[in-house]
Amino acid sequence: MALPIYASPLERVWHWTYRVLCALIFLFLIAPILIVIPLSFNAEPYFTFTEKMLSLDPTGYSLRWYDLLLTFGMQAPDAARDGGWWGDVWRNATWVQVAKNSVVIGFFSTLLATALGTLAALGLSRPEMPFRRSIMAILISPMIVPIIITATGLFFFYSSIGIRNWGVPYLGVILAHATLGIPFVIITVTATLVGFDHSLTRAAASLGAAPATIFRKITLPLILPGMVSGALFAFVTSFDEVVVVMFIAAPDEQTIPRQMWNGIREQISPAILSVATILVVVSVLLLATIEILRRRGERLRGVTPA
Amino acid sequence: MADITADIAPGPTAGSSDPAAGRLTTADGQPLARALARAQARSRRRALLLVAPLLLFVLITFVVPIGQMLYRSVHNDAFARNMPNLAIWFADHPAGTEPDEAAFAALAADLQKARADKTAGEVGTRINYEISGTRSLFTSSARNADDLQPPYRESVLALDEDWGDPRLWQVMRGASTAYTASFYLAALDLTRDETGAIARVEENRRVYVRLFVKTLALSALITGICLMLGFPVAHLLAVLPLARSNLLMILVLLPFWTSLLVRTTSWMVLLQEQGVINNMLVAGGVIDDGSRIRMMYNQAGTIIAMVHILLPFMILPLYSVMRPINPSYVRAARSLGATSWTAFRRVYLPQTLPGIGAGSLLVFILAVGYYITPALVGGASGQLISNLIAYHMQDSLNWSMAAALAAILLAIVLMLYWLYDRLIGIDNMKLG
């Protein structure tokens, strides 16, 4: 946005003020996320930069909070750090347990949301789909309805059908998280189907391909980027969800955000910041994946960036 | 996997209304119109079949549970089920009837039954929702219920003279039917007085309407701040060359992808009285050590953290509307003599209205139902309606009240959602 040569002095001043304002807003967006990273290496149990940290003294920094993540909840945290110690971490450390729960719940709810959501998106993108608008409104609504209402409803529903006694671990949370992730899958997959050239499938059919072959060879590769980014959204939704877990999960089904919630409410310590740092790294990786997929999708569909 | 097959000509134009279609036939002699209608019905069924599993799934795991919860807001049979004799007396006598000997006899019989079934606590809790302190009246009276003798009126009043309170009888009448509107009345700060007429509760107990208003006002404020911060940023992203704006876009998308709890934690770190911002202000000499600013555990904390969390939801729709706006319009306006402000106001701004509408509605809808951030950084004054629902669910255990509040919140959100669908269309919702 180059400044035109006929700009008046007032416009020049505004032009630079505007840039500074934008820079400040970007700082507001990103600073809170970056600030936790150095603070998680704090050697002291404070939430602020100590003088040693500011003077870049190595003794001001430590990995003690990351160490605490491993040892918290262990049976014998002070034993020698050999294979047995790591086995203890894997079996007993609280944060490791909740991370395992988060991954299991996230994986299965994503699988369910992606499979059902993709099928539905295929149906919804057909021009002859009846009641399209109302059905779409129902399927997107889990994203819009306040989470506390969903959680309350599920709490009553699950206790009335006694889902915990069915003997399937995590079932209630997985079903709930799948429901919450479905809108994202539908939105991303229908978006890839907007530019979908239906003459491709018709050409394949006229050449004698069976519907299953058409789906596998023509449709699937084209909608795959949308599916994967929808799946990532669904996974993040599950991975970040705390209210439903709070209301319906069994005591041994707690997840990372649920444990963070406990940590923030009860014994807030910089250990929370080390978890936060790890999660920031995870979200950077996710963002990179999404970006790569988006570019690949645009290239495949022949949409060149404007 | 079914897919569109080659034998159907898609498009709504051909149909039985076309007069020429009646005379055309397919190769096997059927009228073309009927063959086409059949083919279209088949493909409609196929499309519906693809959506059916998910629709069923969402109905079972989402719509039914919420419906069941809403039912709870009008249905509470804790009193009617456990106090059958009184329920019959209330049904036989119209509102306003003085409780007579028969009524007290029914009460005595029910209290004895409650003692035998150990349900006095449950019944008392139901009445206690509306008159606080009455739970113990029921439990202690039930404990001594076996001593009650005719005449029951004197006997019951001798046990505890609170039983003569006309308001208590009014509330028991309301609770004697399983279906009740009393939780909705309470959620709107209304109650029934001794005569059964609807009246407002005392000034100091009007909490719910005020909280609803506060939730809507705070959401509007947050939406306004998001628009003010999001508009310039989205504009900058839209006019920069794509390579550079994609780089800057990372600064918007990274917060969007970062865990909500991580962002809330960061704000707690920044805003605490011993936190980074206060320390910087003290170190910079702006404030002195004794007068650190309290930015958290109050409304300010809720507003700051929620603006940060919801800002990407404003920037992304604005950006997607601003990107395709042709810069020649503004240039043309300038060349025709408009000042830069006039060109912005009359030419650029109207073109961004769809984005402003989409972003504002989305942010407002999300803000109205927010729970986690107010619960963690809001303190006492920064709580929203969702937090009160959670309080009734987890602490006061008045589940019917939680359900009534949730129903009102849901009605507000669904109205906004309908508006969003009307103005912008759900299909146009974009992510990332």
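Quick caveat: nothing in here was measured; it's all calculated off a predicted structure. Numbers restart at 1 for each chain; the letters A, B, ... are given by sequence-line order, proteins then strands.
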Engaged part of Leu261(B) at the chain A interface, taking heavy atoms whose separation is under 4.5 Å: both
Atom group of Ile315(B) that falls short of 4.5 Å from chain A, counting heavy atoms: side chain
Heavy-atom proximity to chain A below 4.5 Å, by part of Asn279(B): side chain
Contacting region of Ala375(B) [heavy-atom separation from chain A under 4.5 Å]: both
Pair Thr190(A), Ser125(A): side-chain N/O donor-acceptor within cut-off below 3.5 Å: no
Interchain contact, Gln274(B) with chain A, by part (heavy-atom threshold 4.5 Å): backbone
Side-chain donor/acceptor of Ser386(B) to backbone N/O of Gly369(B), under 3.5 Å: yes
Interface moiety of Leu237(B) toward chain A, non-hydrogen atoms closer than 4.5 Å: side chain
Portion of Val284(A) that has a non-hydrogen atom of chain B nearer than 4.5 angstrom: both
Polar side-chain atom of Thr215(B) near backbone of Ile385(B) as donor-acceptor pair, under 3.5 Å: yes
Part of Val63(B) within contact of chain A (heavy atom distance under 4.5 Å): side chain
Chi angles and distances behind the side-chain hydrogen bond (donor to acceptor under 3.5 Å, both in side chains) call for Arg258(A), Ser102(A): CA-CA 10 Å; Arg258(A) 180 71 181 84; Ser102(A) 274; over 6 Å; no
Asn246(B), part contacting chain A, at a heavy-atom distance under 4.5 Å: side chain
Main-chain N/O of Ser283(A) paired with Trp257(B) side-chain donor or acceptor, under 3.5 Å: no
Leu254(B) versus chain A, the contacting section by heavy-atom distance below 4.5 Å: both
Contact origin within Arg334(B) toward chain A - heavy atom pairs under 4.5 Å: side chain
Exam field: side chain Thr289(A) to backbone Leu285(A), donor-acceptor pair closer than 3.5 Å: yes
CZ (Phe344(B)) with more than 12 external heavy atoms under 6.0 Å: yes
Phe313(B) and Phe256(B) aromatic centres sub-6.0 Å: yes
Any donor-acceptor N or O pair under 3.5 Å, side chains His392(B), Trp399(B): no
Per-residue contact mode, Leu311(B) against chain A (heavy atom under 4.5 angstrom): side chain
Portion of Leu24(A) that has a non-hydrogen atom of chain B nearer than 4.5 angstrom: neither
Part of Arg263(B) lying under 4.5 Å from any heavy atom of chain A: side chain
Trp14(A) and Tyr18(A) aromatic ring geometry - parallel, tilted or perpendicular at 30°/60° bounds: tilted
Proximity breakdown for Ala402(B) and chain A, heavy-atom pairs closer than 4.5 Å: neither
